[in-house]
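What you see below is based on every heavy atom in this structure, not just the backbone, and it leaves out hydrogens, waters and symmetry mates. Because the structure is predicted, anything quoted here is derived from the model rather than measured. A note on names: the letters A, B, ... follow the listed sequences, proteins ahead of strands, and every chain is numbered from 1.
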2 protein chains.
Amino acid sequence: MDEIQLDERKGSILKAVIDTYLKTGEPVGSRTISKFSDLHVSSATIRNEMVDLEEMGLLTQPHTSAGRIPTDLGYRYYVDHLIMEREQESREHELLIQKVDRMEVLMQQLAKLLAQNTQYTAMIAGPHLGKKLKYVQLSQAEPGKLMVVVVVEGNLIRNFMLPESEDLTPEELLGLNIMINSTLNGLSISEINLGVINELKNQAGKYRDVMEDVLSVIGEAIRSEEGEQPVFTSGATNIFKYPELSDGEKASGILTALEEQEQLVTALSTAVNTEKANGISVYIGSENRIESMKDCSLVTANYDFGEGMIGTIGVIGPKRMDYEKVVATLMGLIEQLNKMYH
Amino acid sequence: MDEIQLDERKGSILKAVIDTYLKTGEPVGSRTISKFSDLHVSSATIRNEMVDLEEMGLLTQPHTSAGRIPTDLGYRYYVDHLIMEREQESREHELLIQKVDRMEVLMQQLAKLLAQNTQYTAMIAGPHLGKKLKYVQLSQAEPGKLMVVVVVEGNLIRNFMLPESEDLTPEELLGLNIMINSTLNGLSISEINLGVINELKNQAGKYRDVMEDVLSVIGEAIRSEEGEQPVFTSGATNIFKYPELSDGEKASGILTALEEQEQLVTALSTAVNTEKANGISVYIGSENRIESMKDCSLVTANYDFGEGMIGTIGVIGPKRMDYEKVVATLMGLIEQLNKMYH
DNA sequence: TGTTAGCACTCATTCAAATAGAGTGCTAAC
DNA sequence: GTTAGCACTCTATTTGAATGAGTGCTAACA
């Protein structure tokens, strides 16, 4: 791809056009730029420059006698070259993250926080893990029912009830627990193969039946965790704040995509590839994978909760989103998470 | 309130008007009714009757020279008197409910099922419980970290890690577990008072510190469960299928309301009061509590998972929703749940 | 007394034409 | 290289006329 380089004045004009367009959402005319930018030149000069910018594919006109709006490429140049980093500012008011026990609650909270702060739509994908088994606990919750608690990496907990099982004494349970944990802890699903399983069954002796039930339950727990990758969203209705997205057709498409978890996962997880220096990726318009989001931009960042729990958090908004603010907010959030969980 | 009673022909006309309007969403003229209903009278006669129905407040005209549309009162009469029960039919194709371990998964699944079947928006409120403590399990997940698993009624599970705790032997843990469970099991939060707490602390002896941590964690678990009453929705974007709801303003309002959990809880929980014989409630237009849903209707039913876990499930759609189908679907769903969980 | 045909009237919707206004491209002068 | 000026283009808004669905009312009819 050709590297586009603009001289200083063209850069200023492009930035002025985009900055104005971000605020108004209306095509920007040469007169406006001439009056409100700090390079004191007439509208005619601006027009000449604009023609050049249009030829370079950075600006476009919705119709002949209208002002200019940025193309996807224009936004791209803006994001890559013209945005001032303003990290300092955003750090002043820290986002209030509460420490919680359940991952889902934390994720939902983060999404809400992000949506409220940016006034766009936030989404967050749960960590995609190798999912190692961390701990298994058998216990007799009530007579006739054996409870199996399976703790997977990242404190994702699953629990199952085995009904109609024979009652075991606390001592018997303790023995089984130790047996299971000493063999299985730290193994991922692929490592729990037939060999390990048979060994456990043999060790179990007279508890062989129970052990079989328990093993199948563990398998189910890990497998289902591997399969689903939860995505949480918040502030979906913020898109109605932006007229260019809020007409029936588009809004419907976007909201439907937000409801379809699988699509989101795709959109977010491809985000890992094209990355900027600060770990933040920006996808503008047609750079998005999801068809119905081609009028949107997506800004993503990867978070790290430790224990290999790496996931993606992102903001979806109109192409004319306040990229500076969103990037700054995301960076602040990530940094804060790092402080809390390391 | 006056009891409205219609003679047979007026009833037929009202039903014909509403049935037609349900399908088209357009005002219904006298000619249409005259042609397509089975009471063979001229449009003029229909018009005369319509004037009466309008005077009674059951129909209205959007403007002078348009056909009639039902008022909220008209829908009310329709729902109360004119709907044929068609329970049989819907039972043929049973909804496919999978049995799952986690309540949230089940609820989400039910909502999705309901939304897909009705093509409206489904919502379901989690059971509002006394929340009794069912089981507590202490264990040493890894060195230096004590894991507390708290099982609340309905298999709602919370887990907490107590970091930096002293290591305990399996025997010590067993002792503590038995101590805690024999004292606390089956108590609700209001029953775990200072007396019980002190008794436990004293029993704990040298483990007093650990016990204190554990108790505070248990308290937190139950309290947070009591506070939050999760609501799941599905098919929110279905409202875009109905033009009268899908223009920007309204759609935004409705979707926002759907995102705000508290509002939904209000809407659903007031549903318990005004109940029809079959356990299903219908709220039409302004009968809804939520301002932004005054153009919608809400049909709710109460479900019962056993163990006192009673909650509400509902369908939101345009006022011209297919009440018969929705009511039948809901009844089928409830019945099926009863079969599965009793 | 209830039903029907006929007709004048109302009002939303649609379409085309006229108008206003924003903004450009181009040229010529500075 | 910059600027003023002007013709030109195209959208958005307004206006008015035509269309048509549907009503209300009256008078005739069974």
Inset, instruction - Please tell me which of P62(B) and R47(B) maps to the more 5' nucleotide of DNA chain C, matching each residue to the nucleotide holding its nearest heavy atom. - result: R47(B)

Inset, instruction - Take atom CD of E49(B) and atom C1' of dT3(C), then tell me their distance rounded to the nearest Å. - result: 11 Å

Inset, instruction - Determine whether the side chains of Y120(A) and D322(A) contain a donor N or O and an acceptor N or O closer than 3.5 Å. - result: no

Legend entry - Atom-to-atom span, CG of N48(B) to C1' of dG22(D) - whole angstrom: 14 Å

Legend entry - side-chain N/O S65(A) vs dT9(D) OP1/OP2, d < 4.0 Å: no

Inset, instruction - Calculate the interatomic distance between L59(B) atom CG and dG22(D) atom P; express it in whole Å. - result: 15 Å

Inset, instruction - Indicate yes or no for a side-chain donor-acceptor contact from K35(B) to the backbone of S30(B) under 3.5 Å, with no hydrogens or angles considered. - result: no

Legend entry - Distance in angstrom units between E54(A) CD and dC26(C) C1', rounded: 15 Å

Inset, instruction - Taking T71(A) for its side chain and L58(A) for its backbone only, find out whether a donor-acceptor pair lies under 3.5 Å. - result: yes

Inset, instruction - Calculate the interatomic distance between D52(B) atom CG and dC25(D) atom C1'; express it in whole Å. - result: 15 Å

Legend entry - Distance in angstrom units between I46(A) CD1 and dA22(C) P, rounded: 19 Å

Legend entry - Rounded distance (Å) that lies between atom C1' of dT3(C) and atom NE2 of H40(B): 16 Å

Legend entry - M321(B) and I316(B), any side-chain heavy atoms less than 4.5 Å apart: no

Inset, instruction - May I ask which nucleotide in the shown strands pairs with dC30(C), Watson-Crick or G-U wobble, both distances under 3.5 Å? - result: dG1(D)

Inset, instruction - Ignoring backbone atoms, establish whether T64(B) has a side-chain N or O less than 4.0 Å from OP1 or OP2 of dC11(C). - result: yes

Legend entry - Distance in angstrom units between E26(A) CD and dG21(C) C1', rounded: 14 Å

Legend entry - Short side-chain N/O contact from Q61(A) to OP1 or OP2 of dT9(D), under 4.0 Å: no

Inset, instruction - Please determine if a side-chain N or O atom of S30(A) lies less than 4.0 Å away from the OP1 or OP2 oxygen of dT24(C). - result: yes

Inset, instruction - Check the side chains of D72(B) and S286(B) for a donor-acceptor pair under 3.5 angstrom, ignoring hydrogens and angles. - result: yes

Legend entry - R31(B) vs dG20(D): side-chain N/O to OP1/OP2 distance below 4.0 Å: no

Inset, instruction - Indicate whether OP1 or OP2 belonging to dT2(D) is found under 4.0 Å from a side-chain N or O atom of T45(A). - result: no

